[in-house]
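Just so it is clear: chains get the letters A, B, ... in the order the sequence lines come, proteins before strands, and each one is counted from 1.
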Amino acid sequence: MKEASRSLNFIEHIIEDDLKTGYGKDQLRFRFPPEPNGYLHVGHASSICLNFGLGLRYNAPVNLRFDDTNPTKEEQEYVDAIKRDVSWLGFEWDQECYASDYFQQLHDWAVTLIENGKAYVDSQGSEAMAQQKGTPTEPGTNSPFRDRSVSENLELFEKMKNGEFPEGAHVLRAKIDMAHPNMLMRDPVMYRILHKAHHRTGTDWCIYPMYDWTHGESDYIEQISHSLCTLEFLPHRELYDWFLDQVVSADTLRPKQREFARRNLSHTVVSKRKLLQLVNEGHVNGWDDPRMPTISGLRRRGCTPEAIRNFADTIGIAKRENVVDVSVLDFHMREHLNKVAPRVMAVLDPVKLVITNYPEGKEEWLEAENNPEDPEAGSRTIPFSRELYIEREDFREEANRKFFRLKLGGEVRLKNAYIIKAESVVKDEKGEIQEIHCTYDDLSRSGSGTEESQRKVKGTLHWVSADHAFQAEVRVYDRLFTDATPDQHKDKGFLDFINPDSLQVISAWMEPGLKEAQPGDRFQFQRMGYFCVDPDSTPGNLVFNRTVTLRDTWAKIEQKEE
RNA sequence: UGGCCCAUGGUGUAAUUGGCAACACUACUGAUUUUGGUUCAGUCAUUCUAGGUUCGAGUCCUAGUGGGCCAACCA
């Protein structure tokens, strides 16, 4: 599919090196490890494309593993949404795994650690433990419970497991080094007591393993060769390796953790906490609101999986801080939609246009190309009549040379139809234009082959026939934030930058063929942008979401004039 | 005041591992166009700074500067 000449990212370099120094190609295995406590967003998409892309590149299996070790935050709803999103992106996982599947194994290994004097039960509160932890510049101090006997630790741990203690009474800690320069190595907690029902294991367990203890061991159980995560886990690598040292046997593959920088997108936030806040405080209408940078939001907005995958591919992966401009995502949406979206005509802000020399009551069905980029897309017919709607911004009583659209005394082509000339306007008492009266050249019909039809006129407008068009709701979305990096201001919170005009709901006029449109269908409204039928649509009441505008050179010219 | 990571056009990523700084986006020119879309051509860099090694440094070394991460019974 893609050219083989693409340069390698640093992760691929690592893998190539490993392949040269002993790894068998059949040993390669990856995983995507979401915590089911929220919806996936574009940042995750990068990680998904990285891991599954590696799987495709090396023909290696990729597991979908839910990191579900904290029953207080995780829910089945999120598991379902995550699976739907990964599938929608077009990837197939090898095994569907859950860290909770390994609770028994993890427990048994923990017992081994205790027996080997590598773990102990601490019976202090979290505050005392925090104090003993020290700081990045000062060493910590040992817990008074650090030297409990193996048998006492075993007994206590067993009782923790059996639910004989209240939450917070004890924890199991790895016995490493309270003076270690890496604070994560200062006797990290392996298990805490939680009397909570888990979405998969129910009430089987009263103790739940912590991330560090779980993740590497899960990778090991699944024989993941390369465990890729974001940069903030870099300091965890030492602990990841320490835990692995306790259980790995020589004849099995030892996973390695490598870290990359998470992708940040401009004009949005990509943090589950902040996204959850947007949802909970009603700034948007749910996780799949088309303004959300979630996969489900992008999908509902009309973005295609191809666009997201191409986006992820071109922004690449590296280790430095970054903010990718949304314009890159917009570009990929347009690039793909341009190839696949059928062209139709819809007038979003209508003004009536009357062709005074066109016979009253006459109607013509004109041929219109469905997609100039795709000859296979064929054509359709659209009705033309004496009274039409055109876009209000496409007409001015007077305008300078740069305005290619309709002005009094000026000519313009109606897309797929005739050349018309504006003659006069009818205004209401407020001076607002009610109707534009014009004449048409009946020899200029598009595709008729006449000399008149081949005349060059500067502007071409989209239109709908007033008698044949129908109205539909259009949700015009704009970016959710007015600032490129809303959550990186010292003095202001990200909510201060919410765009008050991120959603505008209007009623627009559609060409009649659109009545058949189904939720999820994507179109290009010619000269306006790409739109997608929203699932809120009902048979008699279609709703369209604006996915992205077309590039708008005119808007730039206009802006410069001001 | 400790440790670790990072630094290449406005943005993101490359550079055959020490050999003419490339690709994409954005912006701007121009051409084409029955979508001011698409397409095509072009323009936009003292590789953070200062030293050093070398015939040769974006790449290696040293120091500095700037940014990020690290003290949850979160992941």
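Searching all strands for a Watson-Crick or G-U wobble partner of C25(B) with both distances below 3.5 Å returns G10(B). The nucleotide U1(B) finds no pairing partner, because no Watson-Crick or G-U wobble arrangement with both distances shorter than 3.5 Å includes it. Across all strands shown, U46(B) remains unpaired; no Watson-Crick or G-U wobble contact has both distances below 3.5 Å. Summarising the base pairing, U17(B) is matched to no nucleotide, lacking a Watson-Crick or G-U wobble pair whose two defining distances lie under 3.5 Å. Across all strands shown, nothing is found opposite A57(B) as a Watson-Crick or G-U wobble partner with both distances under 3.5 Å.
In summary, the side chains of Ser444(A) and Arg413(A) do not present any donor paired with an acceptor at a separation below 3.5 Å, with no hydrogens or angles considered. Side chains of Glu367(A) and Ser379(A): a donor on one and an acceptor on the other come within 3.5 Å. There is a side-chain donor-acceptor pair under 3.5 Å between Glu222(A) and Tyr102(A). Side-chain contact annotation: Asn370(A) with Arg343(A), donor-acceptor N/O pair under 3.5 Å absent. Inspection of the Asp68(A) and Ser100(A) side chains reveals an N or O donor paired with an N or O acceptor under 3.5 Å. Using modelled atom types, one finds no donor on one side chain facing an acceptor on the other under 3.5 Å when comparing Asp483(A) with His267(A).
Rounded to whole angstrom, the span from the CG atom of Asn370(A) across to the P atom of G37(B) amounts to 21 Å. When rounded to the nearest whole Å, the span between CG of Asp330(A) and P of G12(B) equals 17 Å. Here G67(B) presents its C1' atom at 13 Å from CG of Asn264(A), a figure rounded to the nearest Å.
Nucleic acid contact class of Val457(A) (heavy atoms, under 4.0 Å, all strands): none. Contacts of Arg186(A) with the nucleic acid, taken as non-hydrogen atoms under 4.0 Å apart, are absent. Leu461(A) comes within contact range of no nucleotide atom at all, as no heavy-atom separation falls under 4.0 Å. Phe403(A) comes within 4.0 angstrom of a nucleotide base, judged by non-hydrogen atoms across all strands. Using a 4.0 Å heavy-atom cutoff across all strands shown, Tyr208(A) reaches no nucleic acid atom at all. Backbone-only contact: Lys560(A) has heavy atoms under 4.0 Å from sugar-phosphate atoms and none from a base. Residue contacts for Pro181(A): at a heavy-atom cut-off of 4.0 Å it reaches no nucleic acid atom on any strand shown. Residue contacts shown for Glu127(A) are absent, as no nucleic acid heavy atom lies under 4.0 Å away. Using a 4.0 Å heavy-atom criterion, one finds that Lys272(A) contacts no nucleic acid atom at all. Residue contacts for Gly125(A): at a heavy-atom cut-off of 4.0 Å it reaches a base atom on one of the strands shown. Within 4.0 Å (heavy atoms only), His13(A) reaches at least one base atom of the nucleic acid. When heavy atoms are screened at a 4.0 angstrom cut-off, Ser327(A) is found touching the sugar-phosphate backbone but no base atom. Contact annotation for Val171(A): base contact, defined as any heavy-atom pair under 4.0 Å involving a base atom. If you check every strand for non-hydrogen atoms under 4.0 Å, Phe331(A) touches sugar and phosphate atoms only.
The base of U38(B) is not paired with the side chain of Arg551(A) by any donor and acceptor separated by under 3.5 Å. One cannot find a donor-acceptor pair under 3.5 Å joining the base of U35(B) and the side-chain atoms of Thr460(A). Looking at Glu238(A), its side chain has no donor and acceptor atom pair within 3.5 Å of the base of G3(B). The base of A75(B) is paired with the side chain of His236(A) by a donor and an acceptor separated by under 3.5 Å. Between the side chain of Arg413(A) and the base of U34(B), a donor-acceptor pair under 3.5 Å is found. Scanning atom types as modelled, no donor and acceptor separated by under 3.5 angstrom connect the side chain of Glu373(A) and the base of U39(B).
OP1 or OP2 of C74(B) has at least one side-chain nitrogen or oxygen of Arg192(A) nearer than 4.0 Å. The phosphate of G36(B) (OP1 or OP2) has no side-chain N or O of Lys556(A) nearer than 4.0 angstrom. Residue Arg258(A) has no polar side-chain atom (N or O) positioned under 4.0 Å from OP1 or OP2 of C5(B). Applying the 4.0 Å criterion to OP1 and OP2 of A75(B), one finds that Lys73(A) has every side-chain N and O outside that range.
For the P atom pair drawn from A57(B) and G52(B), the interatomic distance equals 12 Å after rounding to whole Å. Atom C1' of U59(B) sits at a distance of 15 Å from the matching atom of A22(B), rounded to the whole Å. To the nearest whole angstrom, the two P atoms, one in G67(B) and one in C60(B), are 23 Å apart. As rounded to the nearest Å, A75(B) and C20(B) have C1' atoms that lie 47 Å from one another. When the C1' atom is compared between C25(B) and C48(B), the two are found 24 Å apart, to the nearest whole Å.
A salt bridge between Lys256(A) and Asp18(A) is present, with a side-chain N of the basic residue lying under 4.0 Å from a carboxylate O of the acidic one.
Relative ring orientation between Trp205(A) and Phe103(A) is described as perpendicular, the plane-to-plane angle rising above 60° on a 0-90° scale split at 30° and 60°.
Judged by closest nucleotide on RNA chain B, Arg334(A) is the one of Arg334(A) and Gly459(A) placed further toward the 5' end. In this structure, Ala555(A) and Ile315(A) both approach RNA chain B, and ranking their closest nucleotides by distance from the 5' end singles out Ile315(A).
Applying the 90° criterion around 0 to the glycosidic angle, U17(B) comes out syn.
In this structure, the aromatic ring of Trp554(A) is positioned over the six-membered ring of the base of G36(B), centres within 5.5 Å and planes within 30°.
For the pair Arg200(A) and Tyr98(A), the cation-pi test (distance below 6.0 Å, angle within 45°) is passed.
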